[in-house]
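Beneath this line is the structure, given in structure tokens, with notes to follow.
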Amino acid sequence: MGFFNSIMSWVDARFPATRMFEDHLSKYYAPKNFNIWYFFGSLSLLVLVNQLLTGVWLTMSYTPSGEGAFDSVEYIMRDVEYGWLIRYLHAVGASAFFVVVYLHMFRGLLYGSYQKPRELVWIFGMLIYVVLMGEAFFGYLLPWGQMSYWGAQVILYLLSVIPVMGEDLLVWVRGDYLISSVTVKRFFALHVIALPIVLLGLVVMHIIALHEVGSNNPDGIDIKAKKDEKGVPLDGIPFHPYYSVHDLKAVVVFMAVFLSVVFFFPDGGGLLLEPPNFEPANSMKTPDHIAPVWYFTPFYSILRAIPNKEGGVIFLGAALAVLFILPWLDRSAVRSMRYKGIISKVALAIFVVAFVTLGYLGTQGPTEIKTNIARVCTALYFLYFGAMPFYTYFEATKPVPDRVRMSH
């Protein structure tokens with residue numbers, strides 16, 4: 001033990017390792033009333049590590065070219081030792097990433113974790129979400145299967161609607177006049193190097209910003225307002241070891257579900273890995289139904305719901321942009337949904353139903369009925385944010401307790 005202390009003293013004199021550990025773990029006081037919704041932030045970090053490690057291993061056997069990409073994936077699946085497992089961990093991990101991120105974002109909506117003073121925490125989180133979507137999109141092309149090729153063809157074509165520079169931008173992103181081997185190499189570089197660096201940087205800033213203002217809690221109470229004589233929040237406990245050990249329960253449950261999918265349902269019945277993607281990309285053969293992966297489908301439905309192509313792209317961009325200004329739309333005097341009025345609760349429930357419905361419709365072929373339903377859900381999506389400044393300002397709220405409650 002003395003030898004370890006000597007080593008740490010030597011390190012601390014040159015790098016603030018102990019101070020960083022204390023600031024962000026052992027002496028970072030988190031509210032003592034965290035519930036199940038607060039597992040998903042830690043699980044997001046777990047899945048991020050899985051994606052980085054399995055991604056590094058996959059690059060060792062992957063060939064980023066139009067001629068060799070599909071065959072190299074087949075080589076990984078058939079000839080590389082445990083290559084099939086690494087590939088499935090990475091492919092299923094992409095969907096798992098979005099599952100935990102969507103639940104993490106829902107918790108923010110539920111307990112008002114975007115309100116003052118956590119606006120910047122929310123904005124960093126939204127930037128992570130947008131970069132994650134870009135990372136997933138670039139990675140989606142790399143298997144060079146039928147759905148990879150045609151899905152990228154549809155999404156990239158949206159750039160052409162940008163006035164004046166749209167066509168030139170489309171060619172620049174593709175690196176060619178058509179999706180080709182150059183596109184694969186370009187997307188590989190973005191997927192493996194550029195966006196992971198940005199993503200890691202944003203994750204660090206997200207955590208630093210969170211620890212600067214402190215974590216929110218199900219009651220939406222600022223625990224820094226009441227401290228003991230030593231300056232320790234009365235309703236706070238050190239994140240380590242209490243929550244770092246507590247989160248292991250969620251890790252065990254998550255890994256059991258995640259590995260069950262990896263080993264027994266890696267394609268998710270066509271939802272996680274589409275059947276057309278097991279065929280090599282063919283520019284002369286269009287799949288019967290072109291749709292993005294499930295985590296893009298809510299926004300894909302919004303795109304299809306608008307009859308005008310330019311309008312669809314505008315609404316698609318607005319659906320993401322409005323999330324960034326959410327902290328300034330909510331004018332409620334309380335944070336948590338526990339103490340907001342009935343209108344806020346009903347509005348959030350309708351928003352969730354509309355979002356999930358849009359996601360389902362995005363996986364289906366378009367029909368007149370489904371398109372009309374998508375239009376209604378799109379209207380409800382934007383109405384949730386557009387009406388928020390009014391109903392949150394005028395609705396009656398419940399009194400917020402002085403101290404956090406351990407149960408509700």
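Bear in mind the structure is a predicted one, so any value in this text is a computation, not a measurement.
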May I ask you to check whether [X] and [Y] show a side-chain donor-acceptor distance below 3.5 Å?
{"X": "T286", "Y": "W150", "answer": "no"}
{"X": "N277", "Y": "S148", "answer": "yes"}
{"X": "H104", "Y": "R107", "answer": "yes"}

Rounded distance [0.5 Å steps], CG in L271 versus OG1 in T297
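Rounded to the nearest 0.5 Å, the CG-OG1 separation comes out at 8.0 Å.
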So, taking the atom named CD1 in I302 and the one named CZ in R375, what distance separates them when rounded to the nearest 0.5 Å?
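Spacing of CD1 (I302) from CZ (R375) equals 13.5 Å.
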If the plane angle is over 60° it's perpendicular, under 30° parallel, otherwise tilted; pick one for [X] and [Y].
{"X": "W37", "Y": "F40", "answer": "tilted"}
{"X": "F239", "Y": "Y28", "answer": "tilted"}
{"X": "Y243", "Y": "F34", "answer": "tilted"}
{"X": "Y129", "Y": "F299", "answer": "tilted"}
{"X": "F351", "Y": "Y381", "answer": "tilted"}
{"X": "H240", "Y": "F21", "answer": "perpendicular"}

Which residue, R403, R335, R338, forms the salt bridge (charged side-chain N to carboxylate O under 4.0 Å, His left out) with D219?
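One option only clears the test, and that one is R338.
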List the steps and the verdict of ring pair (Phe, Tyr, Trp, His ring centres under 6.0 Å) for F315 and F382.
CA-CA 9 Å; F315 272 84; F382 285 102; 5.5 Å; yes
Can R19 and D12 be counted as an ion pair, charged N to O under 4.0 angstrom?
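Looking at R19 and D12, the cut-off is not met.
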A quick test of your reading: do over 12 heavy atoms of other residues, nucleotides or ligands sit less than 6.0 Å from [atom1] of [X]?
{"X": "Y242", "atom1": "OH", "result": "no"}
{"X": "F324", "atom1": "CZ", "result": "yes"}
{"X": "I36", "atom1": "CD1", "result": "no"}
{"X": "K116", "atom1": "NZ", "result": "no"}

Quick check on the 6.0 Å ring-centre criterion: do F258 and F254 meet it?
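Ring centroids of F258 and F254 are less than 6.0 Å from each other.
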Kindly say whether the aromatic ring centers of Y140 and F296 come within a distance under 6.0 Å.
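For Y140 and F296, the ring centres are not under 6.0 Å apart.
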What are the two closest heavy atoms between N216 and I221, and how far apart are they?
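So the minimum-distance heavy-atom pair works out to OD1-N, 4.5 Å.
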